[in-house]
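Note: hydrogens, waters and symmetry copies are ignored here, and every other heavy atom, side chains too, is used. All chains are named by letter (A, B, ...) in the order of the sequence lines, taking the proteins before the strands, and each is independently numbered beginning at 1. Being a predicted model, the structure only gives us computed values, none of them experimental.
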Protein chains: 2
Amino acid sequence: MKQKNIHSPALSRITITDSLFNHYVSIVAKKLIPYQWNVLNDCEPETEKSYCIANFRIAAGELQGRHKGMVFSDTDLYKWLETLAYCIERGEALAYVPHADEMIDLLSRAQEPDGYLNTYYSINCPDRKWTNFTEGHELYSAGHLIEAAVAYYKATGKAKLLEIAARFADLICERFAPGGTLENACPGHQEIELALIRLSACTGEKRYADLARHFLEVRGNASEFLKKNLDEQGRDRIFPEFYDYDALYAQSHLPPTEQNTAEGHAVRAMYMYSAMADVARVYGDEDMAESCIRLWRNLTEKRMYITGGIGSSGHLERFTVDYDLPNDRMYCESCASVGLMMFGQRMAALTGEAKYYDVVERALCNTVLAGIAAEGDKYFYVNPLEVWPANCLSGTSMAHVKPLRQPWFACACCPANIARTLASVGQYIYAQDEKSVYINQFISSELITEIRGTTIALKLRSELLQAGKVNIIISEGRNQPVTLRVRIPPYMEDPVFLFNGNPITPLIESGYAVVAVSREEEQNLEIHANVKPYWAAADKNIRADAGKLALMFGPYVYCLEEVDNRENLANVYVSPQAEIVPVANSTGLPGTLPLLCFCGQRLDPGLDSGEPYGKPHFQFTPESFTAIPYGLWCNRAPGEMMVWLKAILTIPLVTESERTR
Amino acid sequence: MKQKNIHSPALSRITITDSLFNHYVSIVAKKLIPYQWNVLNDCEPETEKSYCIANFRIAAGELQGRHKGMVFSDTDLYKWLETLAYCIERGEALAYVPHADEMIDLLSRAQEPDGYLNTYYSINCPDRKWTNFTEGHELYSAGHLIEAAVAYYKATGKAKLLEIAARFADLICERFAPGGTLENACPGHQEIELALIRLSACTGEKRYADLARHFLEVRGNASEFLKKNLDEQGRDRIFPEFYDYDALYAQSHLPPTEQNTAEGHAVRAMYMYSAMADVARVYGDEDMAESCIRLWRNLTEKRMYITGGIGSSGHLERFTVDYDLPNDRMYCESCASVGLMMFGQRMAALTGEAKYYDVVERALCNTVLAGIAAEGDKYFYVNPLEVWPANCLSGTSMAHVKPLRQPWFACACCPANIARTLASVGQYIYAQDEKSVYINQFISSELITEIRGTTIALKLRSELLQAGKVNIIISEGRNQPVTLRVRIPPYMEDPVFLFNGNPITPLIESGYAVVAVSREEEQNLEIHANVKPYWAAADKNIRADAGKLALMFGPYVYCLEEVDNRENLANVYVSPQAEIVPVANSTGLPGTLPLLCFCGQRLDPGLDSGEPYGKPHFQFTPESFTAIPYGLWCNRAPGEMMVWLKAILTIPLVTESERTR
């Protein structure tokens, strides 16, 4: 396997100009950073206390008390620092640099002499460090510390947080690497693995990557390791919902290279697969690469929602079985789709194939965007494709599904994960290697980067959904030819390429249109494509979607909301031939994506009133419906929402199978 | 309110001759009584241990050890004794009388000097009696003891168990009746209330009924009583799933007379509503009667499945909200439908109206029958209307749904509850008052009873579904006129009555056809009716059933099984006009209910392979399908099952609403 060197350009070199994404990216610096800072400091009045910074002060000996909040509450600060780093890199939220430095100083004081850093264990039970791998999240928290440290170092050039992280990483190496006392231990929540890869790339220290590889290789060697470890904890559990813990949950049922299906807790799975793709790339490990490809295929072909959501079971937030994709009771955690984007990005870096970004785009434009309010201050953990607010009741099987975004959670993984993803969304738009610039997303933006020692300035302007057009202008000095690789997604039908106004037929390689750019003056690649909204159906094995249609426009899934279409969306029917009419968005929702209107039918079963079941006199009434992008739902009025609509299907007088006999 | 005296004749006077029900009734005596006896004694090799009788031996001081099993494990023996009593009353399972008497002796030795009887508390924590009302189930277990005692006394005339129960009931009166130290306590799981009513009727002691009434009246006065009581238990919980306990769960949110909707744990609700109907009847309590009628209407019009199943949430086995009736993830506990039958019977006794037996019949013929295998040795707790075995996975939101009946549960409420219901099914067929015999179910059987001091012998032969005919022969000596009241259910269309061969037009009163029988010689009432299978639809607010059809035949819901119709039933479509053809049942399933065959269509979305979502080329293929009665599903091969099938609907060129403009 030829090792590729595809990587993202620095965020400092990317400016987002797209109206939709610029809205969300800006909101991170303007609203989320201040809001989450207040939350970390427990001074956001209407929000559950996080205790996060208080815990660090207690660990540093500057406050008295016990650790409060989730066992992994430290990661709230780490993810905030990581997000802030991306904002700083883009020149935003600079007023928070002093706060960040102050926090880094606090971390250095909270860190123990041997490098250990975890407020829950330092404060509450220092004698129980490294004993509860299943629930303790020590390595998980360390991973987020490392990710924050690398990001902050890259953004500011300041090394203090990186040194803190490296000291902790060194301690982890000492204990967990082969020969260490804990060499057989398996992390209960993956994250350390991909973080160590980043740390290795940032510091040039191979042993960090080696430990990441070891953490993957040790996994599944003793499939009952985590279950046994949990049983050793006795009755006083951190996570009572683990009463039916199994080896699949944290993907420790088999060694990663022997895993064929996406199993267990979806976020844990994504973080592990991401690390697997990293290790496959860094070490040229073909077994690992094959396993990644197998897992990717199972995941995206049989266990993923049309929205890029993953995790079909609410209980334990996990995968279930091929084609089991219920639309109302699933989990589809925002964090899991963030993890799916990470995995996809790494698969593209591993293979050089554009198709992985189809899925990244699907997850980003739908589930990740849906995870955050247009105002930036409220969040979904769970992202259903169908909501009936009346049955989202506490104390029932549907308690995890919220019909409204929530301000902040005690378990605050999703808000922070969405924030760091949006703040660094540029990394998913562009990539580069020795001679090429990759355009992976059609999010209008500008890039300045160096390739072969020469500077490239690139302006991407996408009006694909609005006008069927993408425009890429390349300027600034070049003394070496550069290749432009533009992903051609499946929804871009019959693309026509104009280079400096002249039609060209570029080579399509690994899903990318490849255009060599060699002249020094400004050059212009225009792509015209037929991007039309359409009705999509699901594989016949996906029982939840049988006989249903989803409205798609490019990567965007559309949905009906009660505010536009009245209640009881279960009785809405539409023909697969129904014409779809884009209409300018006048709802005040961010961006310029059109609304989509169509004529359908509303079904009334026509029962006699009073009785719940009886002989029907079905009656259809024609009605106009308005769909909005799923990523923007629940930003106006609460109510029902539905992605998959019932299809009106007609039976041919002679069926296809009879005709072909 | 005029007090009625409608009651069931003794089971000893009823002989079941119906081929379907006789199969199940016989199996109780022949198989369940021996099987459950072995289970209670922990000598059924492939079954989870019950520890039930061992616990009583420990409590009696005859064995050493701690209580094991569920906190309410005593009720397994009580329900077995109650079931056995009904068998004995019918002249069956007489070989078990010595075992029963031995058990009753054991109970008397396990009973404490003050009358207290509960092995969990006597053995494990005698100092904590009457402290944990929310989880402890002491009053619940006492209730089942009382029900068993009344049944055993009626069946055998032996008073020993009744004396044990009455001693315990006296202790409960002393503590819980007004003036007692626990006068404000509210039972965490209802059952004691209806049991005390039975004890009062059996012994003539009004104070037992008074205490039942008090237990209802005290309920909801302090809506947080049970929640607070639970919080007082600290972290060592009997039921960890109560982490999100609320006042609705055990119907303690409001006083019963102020409750309007069926809420909380479905079995608890049914037992309470049954007691409420009893109290309304015994005391002529109109407020209570009105509350029963309101609750019945909400329950059966908005929160009940077409199968008579109830309880829409798997988590906490409870009601949710009006019209929330998901077909796959619900609970629909067998015990809850048993409780619904009890409530319906009592509502009919309270009001004299036949319609309550429509629901009793629906629950009995569908959910209760489905709860037990044709062989009698396996049971469903949870009764879905749609199963895809692949996604019924442990450690997920669907873990509670079992695609196969299970041999016995550690929490063995359902098997014993089904057994006692089937063993006493005669009580749901016939009732009587001062001058009438009521025929409430069309289950072929014979009755001998006394009315107005005269003996009536009655033979009921129903071939309603097979031949559209019911035949009732009344014979034996009469010196007083007697009224025959035959329930005319909604599915009996255009009934024609022949009395001794002559057409008559009987008065229809409260849903009963009323026929006076005054002559002494044998007389014959024949009813001919048009009972045809038909396609039913659901109220438009039941979103889970929108655009779907269920196949009904009389009270029987039919379903498709994979064994007859291949997998992937989600893609089966049928027209509401599809002809339904009854076919003799050649599957070996018990009874003579026909199979129902029809022509439908199988949908293929016609996607390109490999991709889970894409542009469809829908294609229908015609196919013949075979449906079986829901109550008999899962008796041949495991596989998918589905009640609600997708309807093929056509849009009229001009819609109804346009035509009427």
With rounding to the nearest 0.5 Å, note down the distance linking CZ in A/R329 to CE in B/M398.
4.5 Å
Apply side-chain hydrogen bond (donor to acceptor under 3.5 Å, both in side chains) to A/Y630 and list each qualifying residue two or more places apart in sequence or on a separate chain.
none
Taken to the nearest 0.5 Å, the spacing of A/L603 CG from B/K548 NZ works out to 12.5 Å
Who among B/K302, B/M304, B/M330 has the most heavy-atom pairs with chain A under 4.5 Å?
B/M304
Between A/G606, A/G547, A/A538, A/G314, which residue shows the highest count of heavy-atom pairs closer than 4.5 Å to chain B?
A/A538
Residues of residues 550-558 of chain A with a heavy atom under 4.5 Å from any heavy atom of chain B, in residue-number order, are none
Top contributor to chain B contacts, counting heavy-atom pairs under 4.5 Å, from A/W388, A/F618, A/Y243:
A/W388
Taking atom CD as the centre, does A/E241 end up with more than 12 heavy-atom neighbours from other residues, nucleotides or ligands that are less than 6.0 angstrom away?
yes
Min side-chain heavy-atom separation B/L549-A/P616 under 4.5 Å:
yes
Region of B/L393 that comes under 4.5 Å of a non-hydrogen atom in chain A
side chain
Interface residue of largest heavy-atom contact number with chain B, from A/T300, A/D324, A/L316, under 4.5 Å:
A/D324
What distance do B/T650 atom OG1 and A/F620 atom CZ have between them, rounded to the nearest 0.5 Å?
8.0 Å
For B/R543, run the side-chain contact (heavy atoms from CB on, under 4.5 Å) check against A/D328, A/N568, A/N571 and tell me which one passes.
A/N568
